[in-house]
Asks: 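Below is one structure. I have some questions about it.
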Number of protein chains: 2
Amino acid sequence: MSDGPRTQTQPTTDEARTLVDSGLERDAMVTLFGRCTVDYEGRAASTLGPGDRLVVLKPDGTVLVHTDEGQQPVNWQPPGCSHDVMTEGSTLVVRSERSTPEELLVVRFERLDHAVAYDGTDASDLALTGTEDDLRKRILDEPSLIEPGFEPRATERDTPAGAVDIFGADADGAAVVVELKRRRVGPDAVGQLTRYVDALERDLHAGREVRGVLVAPSVTDRARRLLAKRGLEFVPLEPPE
Amino acid sequence: MSDGPRTQTQPTTDEARTLVDSGLERDAMVTLFGRCTVDYEGRAASTLGPGDRLVVLKPDGTVLVHTDEGQQPVNWQPPGCSHDVMTEGSTLVVRSERSTPEELLVVRFERLDHAVAYDGTDASDLALTGTEDDLRKRILDEPSLIEPGFEPRATERDTPAGAVDIFGADADGAAVVVELKRRRVGPDAVGQLTRYVDALERDLHAGREVRGVLVAPSVTDRARRLLAKRGLEFVPLEPPE
DNA sequence: AGTTGCATCTCGAGC
DNA sequence: GCTCGAGGTGCAACT
């Protein structure tokens, strides 16, 4: 059963520090809301002036600093950090640090409105459909979706340029490289397919043609032009469901 | 100044619905915590069984569903959605919907532990250094970092394959394409540079050599081999700060 | 609204 | 630990 969350409204810094410390100690998720500044240094470096934000501390070492806009946190720290909460006078300070790479995030609360520690468990896994893997299964199940006579020979076949999604042969026995994308593609996907085709043409007997087929729901104009210039093909196909 | 957040512990569904509705009405950030299931359908589709999660609703239409692990939300909705909160018996239900593309997220709370509406403002912008743009400025400031005699002629020069980061000439007057990356690069960056070099070699007088230079802190083995095979060059350089 | 490429991308799988 | 590519990527800039 649940006790409900430990919550404090307009707490003193000492009260809040205790709530955060004990919360993280027992693997709770902790949220803080108030006016704060944020400094980050690591792979890049940033500063953020004062503003009202929601700060989420997870027991796995994650930190998220969310403003009232946008899906992405304005600042963050990935899982694996060690959180450290302290007081500097009447200021609550959260330091989250990790190594490899060395990164430090510091949040300083000029004003703290609210602190909560949430205890909970989550045993469920997300079930997601409509991925590139679903598209691959669809093709392996019905190879003629690529073209009549297409025969898959390998998935994730390795080349000096990386792993090919599907490698196979056409009705004439020619090698075919298939690159899959779950959504409309641009020039980057053409570059990827090009790399694979080039690598296999060098790997296999010189002179043997290797066909390259891009499979996606659709392509942009520029991508279509690049495909044509490189002699590559496009098959429109969507992931199932 | 601040009244402090409106907060409810173990609220009834009606109480919570009112708090969420009025909170979003006045552009507050709203958080809910409890045992819930999540269903999503749009660019893909997903289901998530019951578990304890933190749900964040932003006034710009963002939804975030966070478990106690990971930096990324297990489910979400981007800005621009319209939130709808309702009750199904004793169950609180949040529906967030948008168009282009058509997407729907539904969160159903079997048990609701806590609801908060946070009022706040944030006028500060993030100041970030160490980006690719900083690296570009560094090179334009001191072109000899590429090589003695290098002269930048254009940034973001357009080609049929996309825009080139820096286009210039070497001491002999030969065309040089520079591709910048703020961090260690793999085969994808080589493919990108290859596309640009190929495009420019066709655009400029045939026969004129176009050099391709990848600028990054470092490259992977595979990327280095691909560079060599394509006759491209690498200059190790990091963004400033 | 569509395109293009960056991102402190994150994440998982493979090695 | 590093490498590589997918992602419901998000996001800004530009057309």
Side-chain angles (χ1 to χ4, degrees), chain A residues 38 40-46 62-63 65 69-80 98-105 126 128-133 135-136 156 158-159 161-165 179-189 191-192 195-196 218-223 239, chain B residues 40-46 62 64 69-80 98-105 126 128-136 156 158-159 161-165 179-189 191-192 195-196 218-223 239 241:
Chain A
V38 187
Y40 158 74
E41 184 148 10
R43 286 167 291 176
S46 72
T62 300
V63 187
V65 182
E69 287 185 343
Q71 177 179 336
Q72 294 307 122
V74 62
N75 275 118
W76 70 91
Q77 201 69 296
R98 68 159 178 162
S99 38
T100 9
E102 198 70 43
E103 289 194 300
L104 173 64
L105 184 78
L126 185 74
L128 180 69
T129 62
T131 64
E132 182 180 302
D133 202 51
L135 179 56
R136 168 165 49 220
E156 301 298 322
D158 206 46
T159 77
V164 169
D165 283 337
E179 173 62 28
L180 307 174
K181 293 294 170 191
R182 67 171 299 280
R183 59 172 201 172
R184 182 173 174 86
V185 295
D188 54 338
Q192 212 178 327
R195 268 161 46 213
Y196 298 151
S218 58
V219 288
T220 65
D221 272 2
R222 183 122 71 180
Chain B
Y40 157 77
E41 184 148 10
R43 287 168 290 177
S46 72
T62 301
L64 305 170
E69 286 184 343
Q71 178 179 335
Q72 294 308 122
V74 62
N75 273 119
W76 70 92
Q77 202 68 298
R98 69 159 178 164
S99 38
T100 9
E102 198 71 41
E103 290 194 298
L104 173 65
L105 184 78
L126 185 75
L128 181 68
T129 62
T131 64
E132 182 180 301
D133 202 51
D134 294 321
L135 178 57
R136 169 165 49 220
E156 300 299 323
D158 206 45
T159 76
V164 169
D165 283 337
E179 174 62 29
L180 307 174
K181 293 294 168 190
R182 67 170 300 279
R183 60 170 205 171
R184 182 173 175 85
V185 295
D188 54 337
Q192 212 179 328
R195 268 162 47 213
Y196 299 150
S218 57
V219 288
T220 65
D221 271 2
R222 184 122 70 178
E241 255 78 336

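These figures come from a predicted structure and were not determined experimentally. Lettering of chains follows the sequences in order, A, B, ..., and the numbering in each one begins at 1.
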Asks: Hey, what do you get for CG (Leu104(B)) to CD (Gln77(B)), rounding to the nearest 0.5 Å?
Replies: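 The CG atom of Leu104(B) sits 7.5 Å away from the CD atom of Gln77(B).
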
Asks: Would you classify Ala223(A) as touching base, sugar-phosphate or nothing, given that sugar-phosphate means primed atoms plus P, OP1 and OP2, and contacts are heavy atoms under 4.0 Å?
Replies: nothing

Asks: Rounding to a whole Å, what distance do you find between Asp188(A):CG and dT3(C):P?
Replies: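 Answer to the nearest Å: 13 Å.
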
Asks: Counting heavy atoms from C-beta on, name the nucleotide in dT3(D), dG5(D), dT9(D) closest to the side chain of Tyr196(A).
Replies: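 Within the option list, the nearest is dG5(D).
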
Asks: Let's see if you can work this out: which of dC2(D), dC6(C), dC4(D) has an atom nearest to the side-chain heavy atoms of Asp165(B)?
Replies: dC6(C)

Asks: Distance from Arg222(B) atom CZ to Arg195(A) atom CZ, nearest 0.5 Å?
Replies: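 Arg222(B) CZ to Arg195(A) CZ: 8.5 Å, rounded to 0.5 Å.
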
Asks: Kindly indicate whether the side chain of Asn75(A) and the base of dT8(C) share any N or O donor-acceptor pair separated by less than 3.5 Å?
Replies: yes

Asks: A quick test of your reading: do over 12 heavy atoms of other residues, nucleotides or ligands sit less than 6.0 Å from CD of Glu132(B)?
Replies: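 For Glu132(B), atom CD is crowded (more than 12 foreign heavy atoms under 6.0 Å).
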
Asks: Please confirm whether the shortest side-chain N or O distance from Arg43(A) to OP1 or OP2 of dC9(C) is below 4.0 Å.
Replies: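 Looking at the OP1 and OP2 atoms of dC9(C), one of them is under 4.0 Å from a side-chain N or O of Arg43(A).
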
Asks: On DNA chain C, compare the nucleotides closest to Pro78(A) and Asp133(B); which residue's is nearer the 5' end?
Replies: Asp133(B)

Asks: What is the distance from CD of Gln71(A) to P of dG8(D), rounded to the nearest Å?
Replies: 11 Å

Asks: Side-chain N or O of Trp76(B) versus OP1/OP2 of dT9(D): is the shortest distance under 4.0 Å?
Replies: no

Asks: Consider the side chain of Glu179(B), meaning its heavy atoms from C-beta on, and name the nucleotide among dC6(C), dT9(D), dG5(C) that approaches it most closely.
Replies: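 Selected nucleotide: dC6(C).
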
Asks: Going by modelled atom types, is there a donor-acceptor pair between the base of dG8(D) and the side chain of Gln77(B) at under 3.5 Å?
Replies: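 Yes.
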
Asks: Rounded to the nearest angstrom, tell me the gap between atom CG in Leu126(B) and atom P in dA7(C).
Replies: 13 Å

Asks: With rounding to whole Å, what would you report as the distance between dG8(D) and dC4(D) at their P atoms?
Replies: 22 Å

Asks: In terms of side-chain heavy atoms of Pro187(B), which of dT9(D), dC4(D), dC6(C) is nearest?
Replies: dC4(D)

Asks: Report the distance from atom CD of Gln71(A) to atom CG of Leu64(B), rounding to the nearest 0.5 Å.
Replies: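 If I round to the nearest 0.5 Å, the distance is 6.5 Å.
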
Asks: Taking only nitrogen or oxygen atoms into account, show me every contact under 3.5 Å that the protein makes with nucleotides 13-15 of chain D, one pair per line with its distance.
Replies:
none

Asks: Send over the distance from Arg182(B) CZ to dA7(C) C1', rounded to a whole Å.
Replies: 8 Å

Asks: If you check the Thr100(B) side chain, which of dG1(D), dG7(D), dG2(C) turns out closest?
Replies: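 From the listed options, dG2(C) comes nearest.
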
Asks: Rounded to the nearest angstrom, tell me the gap between atom CD in Gln192(B) and atom P in dG5(D).
Replies: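 In whole Å, dG5(D) P and Gln192(B) CD are 13 Å from each other.
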
Asks: Please determine whether the number of non-hydrogen atoms from other residues, nucleotides or ligands lying under 6.0 Å from atom CD of Glu156(B) exceeds 12.
Replies: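 Correct, the count exceeds 12.
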
Asks: Which whole-number value in Å describes the distance from Asp158(A) CG to dG14(C) P?
Replies: 13 Å

Asks: Go nucleotide by nucleotide along DNA chain D from the 5' end; which of Gly162(A) and Pro79(B) gets its closest nucleotide reached first?
Replies: Gly162(A)

Asks: So, is Arg195(A) close to the dC4(D) phosphate, meaning a side-chain N or O under 4.0 Å from OP1 or OP2?
Replies: no

Asks: Is any side-chain nitrogen or oxygen of Arg183(B) closer than 4.0 Å to OP1 or OP2 of dC9(C)?
Replies: yes

Asks: Atom CZ of Arg136(A) and atom P of dG5(D): how far apart are they, to the nearest Å?
Replies: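 Nearest whole value for this atom pair: 13 Å.
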
Asks: Rounded to whole Å, please give me the gap between CD in Glu132(A) and P in dG8(D).
Replies: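 That distance rounds to 11 Å.
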
Asks: Between dC14(D) and dT8(C), how far apart are the two C1' atoms, rounded to whole Å?
Replies: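 Here dC14(D) and dT8(C) have their C1' atoms 25 Å from each other.
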
Asks: If the cut-off is 4.0 Å, is Thr220(A) near the phosphate of dT4(C), judged by side-chain N/O to OP1 or OP2?
Replies: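 Yes.
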
Asks: Nearest nucleotide by nearest heavy atom, which residue falls closer to the 5' end of DNA chain C, Gly130(B) or Val219(A)?
Replies: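 Whichever sits nearer the 5' end wins; that is Val219(A).
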
Asks: Taking all non-hydrogen atoms of both residues into account, name the closest pair between Arg98(B) and Glu103(B) and its distance.
Replies: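 Heavy atoms only, the tightest pair is NH2-OE1, 2.6 Å.
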
Asks: With hydrogens left out and only the distance checked, is there a donor-acceptor pair under 3.5 Å joining Gln72(A)'s side chain and the base of dG10(D)?
Replies: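 Side chain to base: no pair present.
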
